[in-house]
Amino acid sequence: MVQKVRKAVFPAAGLGTRFLPATKAQPKEMLPLVDKPLIQYGVEESIHSGIQNIIIVTGRGKSAIEDHFDVNFELEHLLGSQKKTDLLQQVRDISDMIDIAYVRQKEALGLGHAVLRARELVGNEPFAVILSDDVIEAENPCLRQLLDIYDFFGATVVALMEVPKENISAYGVVDADPVDHNGAKNRLFRIRNMVEKPKAEDAPSNLAIIGRYILVPEIFKSIDSIQPGAGGEIQLTDALKHLLRNRPVYGYKFEGKRFDAGDKLGFLQATVEFALHRADLGASFRKYLSTLKL
Ligand code: G1P
């Protein structure tokens, strides 16, 4: 029997240097796409995938994240007295949504290090990791797609996406063999090797790891035993490579559209597309865009 995945870890202690100056005094996870902070998209994806137990790895200057998911009595009182019931409900839904635990990463020593900070809270069970600056629009949530693979194989799965050669060195890149699954030949891969942020000419393929992972608890031992890698950081990709020595690791080319919302251009693209898809804003926003001379 495959053990159920109940917990999702959100590393959120990074410095957000790609988004300065907006992130100087504000966590990048709180940047709003239309009207919702980035991290809330990830948390909702997790809930819609069946995972309610959220662990957020925070750092210095990240208290806005805790406040966002907490109850705001003053605001609720104000909205209540003004009879703004829809807004009140939206504000309440956020704090009612989930059970969140927080753990601190005192220094930003890398993604692997951030995940390791969640070890005690995760315990000896499989878990998900979501990087909230990868925002994914999909009919079936990306994390749910990975969980379906996990439920079938009982093994580690990472999200994959094809990336053009000129951008590949920003990612973890896999060397992988396709595996037939559910009648499809080009979605699931068994990973042979992987490398974090290779030079374009050294990349083993055009398949990049995107910020959704289902990990087995043995990953913690792997993180513990690796040395700092790319950028002098403890990399999750290096830990996965270490895990590969005695555990299978799969990659799944998910269905859906991913935005790199941690990057200024990616963030703008996500903002435009999410606004266009909103029932309350889409039509008037489209009309506005069509008046622009482009
Ligand atoms: C992280 C991971 C990398 C992955 C990427 C996806 O890198 O280390 O393997 O491809 O997320 O967004 P970062 O973007 O934090 O540099």
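In each ligand, atom 1 is the first atom listed, and ligand 1 is the first ligand listed. These values consider heavy atoms only, across backbone and side chains, with no hydrogens, waters or symmetry-generated copies.
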Asker: So, R258 side chain and E137 main chain: donor-acceptor pair closer than 3.5 Å or not?
Answerer: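 No, the answer is negative, given that no donor and acceptor are paired below the 3.5 Å cut-off.
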
Asker: Using a strict cut-off of 4.0 Å, indicate which atoms of ligand 1 neighbour a heavy atom of T237.
Answerer: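 By the 4.0 Å cutoff, the relevant atoms are 9 (O).
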
Asker: With the threshold set at under 4.0 angstrom, would you say R258 reaches ligand 1 through any of its heavy atoms?
Answerer: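 The answer is yes: ligand 1 sits under 4.0 Å from a heavy atom of R258.
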
Asker: Is a donor from one side chain sitting under 3.5 angstrom from an acceptor on the other, for E233 and H113?
Answerer: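 On atom types as modelled, these side chains do not qualify, holding no pair under 3.5 Å.
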
Asker: In terms of side-chain geometry, is the basic nitrogen of E273 or K257 positioned less than 4.0 Å from the acidic oxygen of its partner?
Answerer: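 A salt bridge links E273 with K257.
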
Asker: What is the closest protein heavy atom to atom 5 (C) of ligand 1, and at what distance does it sit?
Answerer: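 Going by distance alone, atom 5 (C) of ligand 1 is nearest to I209 O, 3.9 Å.
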
Asker: Looking only at heavy atoms, is any part of L236 under 4.0 Å from ligand 1, and if so is it the side chain, the backbone, or both, or is it neither?
Answerer: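 The answer is neither.
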
Asker: Which atoms of ligand 1 are found less than 4.0 Å from any heavy atom of Y171?
Answerer: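 Atoms satisfying the 4.0 Å criterion: 10 (O).
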
Asker: Is it the case that K36 places NZ or CZ above or below the six-membered ring of Y41, under 6.0 angstrom from the centre and within 45 degrees of the axis?
Answerer: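 Checked: cation-pi criterion met.
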
Asker: Find all atoms of ligand 1 within a distance of less than 4.0 Å from any non-hydrogen atom belonging to D134, and give their numbers and elements.
Answerer: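 Per the distance check, 6 (C), 12 (O).
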
Asker: Can you confirm, on distance only, whether ligand 1 has an N/O atom lying under 3.5 Å from any N/O atom belonging to G172?
Answerer: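 Yes, there is a polar N/O contact under 3.5 Å.
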
Asker: Please report which non-hydrogen protein atom sits nearest to atom 7 (O) of ligand 1, along with the residue it belongs to and the distance in Å to one decimal place.
Answerer: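 Among all protein heavy atoms, the one nearest atom 7 (O) of ligand 1 is K197 NZ, 3.3 Å.
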
Asker: Less than 6.0 Å separating the ring centroids of H181 and F152?
Answerer: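 Under 6.0 Å, so yes.
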
Asker: Residue-level breakdown please: for E233 versus ligand 1, do any non-hydrogen atoms fall below 4.0 Å on the side chain, on the backbone, on both, or on neither?
Answerer: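 Neither part.
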
Asker: Which residue supplies the protein heavy atom nearest to atom 9 (O) of ligand 1, what is that atom called, and how far is it?
Answerer: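 So the nearest neighbour among protein heavy atoms is E196 OE1, 2.7 Å.
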
Asker: Any side-chain to backbone donor/acceptor pair from K264 onto L20? Under 3.5 Å, distance only.
Answerer: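 It does hold such a pair.
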
Asker: Looking only at the aromatic ring of each residue, does the gap between the centers of F259 and F267 stay below 6.0 angstrom?
Answerer: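 F267 vs F259: aromatic centres not under 6.0 Å.
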
Asker: Mind checking whether F127 and Y213 have ring centres under 6.0 Å apart?
Answerer: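 Centroid separation for F127 and Y213: 6.0 Å or greater.
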
Asker: Mark whether atom 15 (O) of ligand 1 lies under 4.0 angstrom from at least one protein heavy atom.
Answerer: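 No, there is none.
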
Asker: Under 4.0 Å from a heavy atom of Q235: which atoms of ligand 1 are those, numbered in the order shown and with their elements?
Answerer: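 So the answer, numbered in order with elements, is 8 (O).
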
Asker: Assess whether a salt bridge exists between D263 and K28, defined as any Lys/Arg side-chain N lying under 4.0 Å from an Asp/Glu carboxylate O.
Answerer: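 Between K28 and D263 there is no salt bridge, as every charged N stays at least 4.0 Å from the carboxylate O atoms.
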
Asker: Identify the closest protein heavy atom to atom 11 (O) of ligand 1: which residue and atom is it, and at what distance?
Answerer: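 So the nearest neighbour among protein heavy atoms is L131 CD1, 3.4 Å.
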
